[in-house]
2 protein chains.
Amino acid sequence: MSMTIKEIAKLAGVSQATVSKIINNYDDVGAKTKERVLAIMKEHGYRPSYAAQSLAKKVTRVIGVIYAGKINANFNHPFFVEVVSAFKKAMGLEGYDLLFFSNEQFHQEDEDYLARCQHYRVDGCIVIGGEEVEPSVYDVDKSDIPCIGVDIRLSGPKSAYIMTDNLQIGTLAAEQFYMNGSRRLGFIGGGSASHISNERLEGFQQTARSYRLEMRKEWTVQGDFFEESGFEAMKELLQNDELPNAVFAVSDLMAIGAMRAVKESERVRIEEMAVIGCDDIIAARHVEPPLTTVRQDKEKIGRMAAYMLNDMIHGRIEGTGVKLDPELIVRSSCGSKRRYVT
Amino acid sequence: MSMTIKEIAKLAGVSQATVSKIINNYDDVGAKTKERVLAIMKEHGYRPSYAAQSLAKKVTRVIGVIYAGKINANFNHPFFVEVVSAFKKAMGLEGYDLLFFSNEQFHQEDEDYLARCQHYRVDGCIVIGGEEVEPSVYDVDKSDIPCIGVDIRLSGPKSAYIMTDNLQIGTLAAEQFYMNGSRRLGFIGGGSASHISNERLEGFQQTARSYRLEMRKEWTVQGDFFEESGFEAMKELLQNDELPNAVFAVSDLMAIGAMRAVKESERVRIEEMAVIGCDDIIAARHVEPPLTTVRQDKEKIGRMAAYMLNDMIHGRIEGTGVKLDPELIVRSSCGSKRRYVT
DNA sequence: CGATAGAACGAAAGCGGTTTCGAATACAAA
DNA sequence: TTTGTATTCGAAACCGCTTTCGTTCTATCG
């Protein structure tokens with residue numbers, strides 16, 4: 001077992017209080033005493049108990065990380081990996097560690113994540129993705145711990161959110177199809193319960209309409225943001241008598257799966273089906289053909305989430321919502337050099 | 001602020017002890033009392049303080065996650081993402097949450113990760129990758145907290161490690177090159193200080209030698225496991241007067257970068273350069289040409305790491321080392337259908 | 001009816017720290 | 001020498017919860 005502060009104190013012939021002051025850099029400790037105690041601490045590899053400290057100080061220096069919803073948030077989804085990675089780095093600079101809650105036995109018991117956050121008394125928390133249409137269990141408003149949502153709209157005085165502007169995402173995709181000469185547009189969504197997917201669809205539809213591009217409802221199918229679902233979705237799409245000549249998938253993973261389905265089908269060649277994805281994950285540029293995609297600045301999202309959360313923790317800002325601009329990355333899966341038959 | 005157990009006790013007209021017993025499911029509290037207290041707790045959204053609990057109980061139910069070394073361990077490296085994801089899931093099933101330590105301000109202060117683990121009094125910890133040749137700072141042996149290393153050999157009574165058999169990895173790659181008809185072999189490593197990279201090289205060399213395949217030392221270059229370094233490494237390789245006709249990179253990311261370099265060069269076409277990677281990350285099958293790779297079972301590594309750690313925590317096993325078998329996945333970047341000129 | 005064994009509950013001593021505030025000591029100025 | 005002012009230190013209360021152990025109360029039995 002680890003040593004306690006009391007033992008160190010005894011060893012050094014001083015009081016607990018003095019040792020504690022040394023740990024916390026108080027300035028009312030003599031230089032020689034300090035040195036001596038420090039030496040003893042080092043010699044015995046003493047580390048103060050975090051639990052005891054945070055109990056006494058009422059501060060944890062820990063941020064809770066919550067993967068919300070069943071829809072699309074996931075520890076190993078490339079989009080979130082990048083976001084969380086940037087978030088982790090930025091929070092680390094501020095001295096925070098990250099606590100990832102297990103969600104495996106979550107649904108057994110009727111406790112929600114926020115309860116876990118309260119339980120741990122984390123200084124703040126980040127909720128990752130998964131906004132669903134039905135009212136969510138994340139009753140953030142009642143909580144008084146600072147919370148930032150990524151791809152999920154959290155409201156309340158101590159909560160904020162950040163996401164890419166989803167309407168714009170849809171718009172950019174549709175515009176590119178127009179420029180590319182595609183006239184018949186399909187859509188692969190992330191589930192009809194997913195808010196962000198629906199908003200992208202909305203932007204996509206609006207723009208398609210204004211350019212007089214054709215969209216049929218049988219050309220709109222839903223997946224779950226992951227690759228396999230994109231593959232299945234495209235297979236389903238290819239069942240139709242008449243086909244679109246372009247498809248926008250709301251995630252690169254699904255777009256990649258969709259392209260695979262096209263390649264495997266004998267009905268249509270990949271050159272005849274323009275594809276646009278969303279996110280610009282690393283794999284996007286490596287697939288064949290390289291994937292045109294609506295890029296989200298994952299690094300920035302993570303970093304800003306950290307800044308905003310940090311500000312909220314220190315009472316510097318009130319809860320707000322931020323939307324970032326997406327950026328179209330044109331590659332040959334829907335390059336402007338190619339022309340498609342209308 | 002959250003309520004305390006004392007307030008709940010007062011509200012319910014019972015003692016602290018009774019409330020605590022209810023929280024911890026003791027069986028010496030009356031049914032009616034229990035019900036009443038439970039109702040009050042729910043009504044006020046009471047959650048016991050984790051810090052206070054773990055201080056009193058001396059148990060944390062938290063596992064520390066450490067990304068070790070500067071070489072290759074990284075939060076967003078696809079290999080580790082998969083491993084940690086599986087680990088997280090398995091530990092979650094056991095009721096553990098994961099604490100990710102920030103390493104951003106780590107090197108400023110002279111404290112090592114294990115100290116952080118001790119500080120938090122985590123029940124166990126997992127150290128991810130980054131084994132280096134020089135003696136590491138992870139003085140695990142001195143620590144008494146259960147530790148499992150992934151891709152890093154931890155020793156000591158309370159520590160174990162798990163990794164894929166690196167010699168075999170090298171062997172499989174070389175054998176495939178032989179079967180494929182490649183006779184001149186290049187190698188892209190993960191840094192000469194990386195143990196796992198060096199072992200793969202060793203297996204590769206041994207097998208190459210036994211098949212009498214040619215390896216020149218100028219055909220062996222070092223990267224850092226990430227894509228850009230593979231790109232640079234291949235560019236460097238291509239400077240040579242004479243070239244290999246096959247290259248084994250110790251990570252898929254580097255292999256992908258290397259293929260990109262080949263494609264961009266006018267000196268040699270991608271069809272003339274067989275490439276094998278390692279890991280079998282998701283992108284491997286999607287690049288063009290699809291990447292032949294030595295697969296590591298990332299899911300299994302993560303899962304087994306969890307089991308082993310769990311066993312160690314409960315004193316069921318002593319520290320050991322486990323090596324898993326790799327598996328060759330043949331795709332067209334080095335498929336057996338193609339033949340290379342010797 | 002008294003004795004007795006459970007059942008139900010509470011007092012109090014930790015767990016390992018922090019922090020306030022007063023005491024003791026040192027040193028400078030008067 | 002006396003007084004005043006820093007400087008250095010420690011006693012003790014507290015943070016919120018767990019757990020032991022003893023006490024009280026109730027129900028059952030001879």
Side-chain angles (χ1 to χ4, degrees), chain A residues 1-38 40-41 44-62 115-123 144-145, chain B residues 1-38 40-41 44-62 115-123 144-145:
Chain A
M1 284 301 114
S2 272
M3 307 209 74
T4 72
I5 197 174
K6 208 174 293 181
E7 304 178 80
I8 296 292
K10 181 168 298 175
L11 252 36
V14 297
S15 75
Q16 269 191 61
T18 301
V19 178
S20 174
K21 286 174 183 174
I22 291 171
I23 293 172
N24 294 286
N25 273 313
Y26 278 60
D27 56 0
D28 65 340
V29 173
K32 310 184 61 168
T33 315
K34 185 167 182 175
E35 199 177 343
R36 180 161 40 94
V37 175
L38 242 24
I40 292 183
M41 284 176 23
H44 291 78
Y46 166 76
R47 300 283 158 182
S49 153
Y50 168 79
Q53 283 190 138
S54 68
L55 176 58
K57 294 208 224 185
K58 293 159 167 285
V59 169
T60 58
R61 290 262 108 187
V62 165
R116 310 274 288 278
C117 283
Q118 281 189 221
H119 176 208
Y120 278 101
R121 307 289 197 268
V122 295
D123 290 349
D144 59 345
I145 79 168
Chain B
M1 283 300 113
S2 271
M3 307 209 74
T4 72
I5 198 174
K6 207 176 294 181
E7 303 178 83
I8 296 292
K10 181 168 297 174
L11 251 35
V14 297
S15 74
Q16 273 190 57
T18 301
V19 178
S20 174
K21 287 175 183 174
I22 290 172
I23 293 173
N24 294 286
N25 275 312
Y26 277 60
D27 57 358
D28 68 338
V29 34
K32 311 183 62 167
T33 315
K34 184 167 181 174
E35 200 176 342
R36 180 160 42 92
V37 174
L38 242 23
I40 292 183
M41 283 176 22
H44 291 79
Y46 167 75
R47 300 283 158 182
S49 153
Y50 168 79
Q53 283 190 138
S54 67
L55 177 58
K57 293 205 220 184
K58 292 160 166 287
V59 169
T60 60
R61 290 262 107 187
V62 166
R116 310 273 288 277
C117 283
Q118 282 189 220
H119 177 206
Y120 278 101
R121 307 289 197 268
V122 295
D123 290 349
D144 59 346
I145 79 168

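Letters A, B, ... mirror the listed sequences (proteins, then strands); counts begin at 1.
With hydrogens and angles ignored, the 3.5 Å screen pairs a side-chain donor or acceptor of B/His44 with a backbone N or O of B/Ile40.
Remark: P of D/dT18 and CD1 of B/Ile8 are 13 Å apart, rounded to the nearest angstrom.
Residue A/Arg121 comes nearest to A/Thr60 through the heavy atom pair O-CG2, 2.9 Å, listed as atom of the first residue, atom of the second, then distance. Of all heavy-atom pairs between B/Ala9 and B/Gln16, the closest is CB-N, 3.7 Å.
Boundaries of the chain B contact region on DNA chain C are C/dA8 to C/dG17, first to last in 5' to 3' order (nucleotide atom under 4.0 Å from a heavy atom).
By the side chain to side chain donor-acceptor pair (under 3.5 Å) test, B/Lys21 is found to be paired with B/Asp28, residues two or more places apart in sequence or in another chain being considered. Annotation: side chain to side chain donor-acceptor pair (under 3.5 Å) contacts of B/Thr33 (sequence neighbours excluded): none. Checked against side-chain contact (heavy atoms from CB on, under 4.5 Å), A/Ile22 has the following partners two or more places apart in sequence or in another chain: A/Thr18, A/Val29, A/Lys34, A/Val37, A/Leu38. Every residue two or more places apart in sequence or in another chain that forms a side chain to side chain donor-acceptor pair (under 3.5 Å) with B/Lys57 is listed here: B/Asn24. Legend: residues meeting side chain to side chain donor-acceptor pair (under 3.5 Å) with A/Tyr120, ordered by chain and number and at least two apart, are B/Asp97. With sequence neighbours excluded, the residues satisfying side-chain contact (heavy atoms from CB on, under 4.5 Å) with B/Thr4 are B/Lys6, B/Glu7.
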* To do: Determine, step by step, whether B/Val122 and A/Tyr50 satisfy the side-chain contact (heavy atoms from CB on, under 4.5 Å) criterion, reporting the C-alpha distance in whole Å, the side-chain angles of both residues, the deciding distance to 0.1 Å, and the verdict.
  => CA-CA 10 Å; B/Val122 295; A/Tyr50 168 79; over 6 Å; no
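Each end of the helix from C/dC1-D/dG30 to C/dA30-D/dT1 gets its own rotation axis from five pairs of C1' atoms, and the angle between them is 50° to the nearest 10 degrees.
If you check every strand for non-hydrogen atoms under 4.0 Å, B/Val14 touches sugar and phosphate atoms only.
DNA chain C is contacted by B/Lys21, B/Asp28, B/Val29, B/Gly30 of residues 20-32 of chain B, taking any non-hydrogen atom closer than 4.0 Å.
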N/O to N/O distances under 3.5 Å, protein versus nucleotides 24-26 of chain D:
none

Atom pairs, N/O to N/O, protein against nucleotides 14-16 of chain D, distance under 3.5 Å?
unit_1 : atom_1 : unit_2  : atom_2 : d
D/dG16 : OP1    : A/Lys58 : NZ     : 2.9

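In this structure, A/Thr33 and A/Gln16 both approach DNA chain D, and ranking their closest nucleotides by distance from the 5' end singles out A/Thr33.
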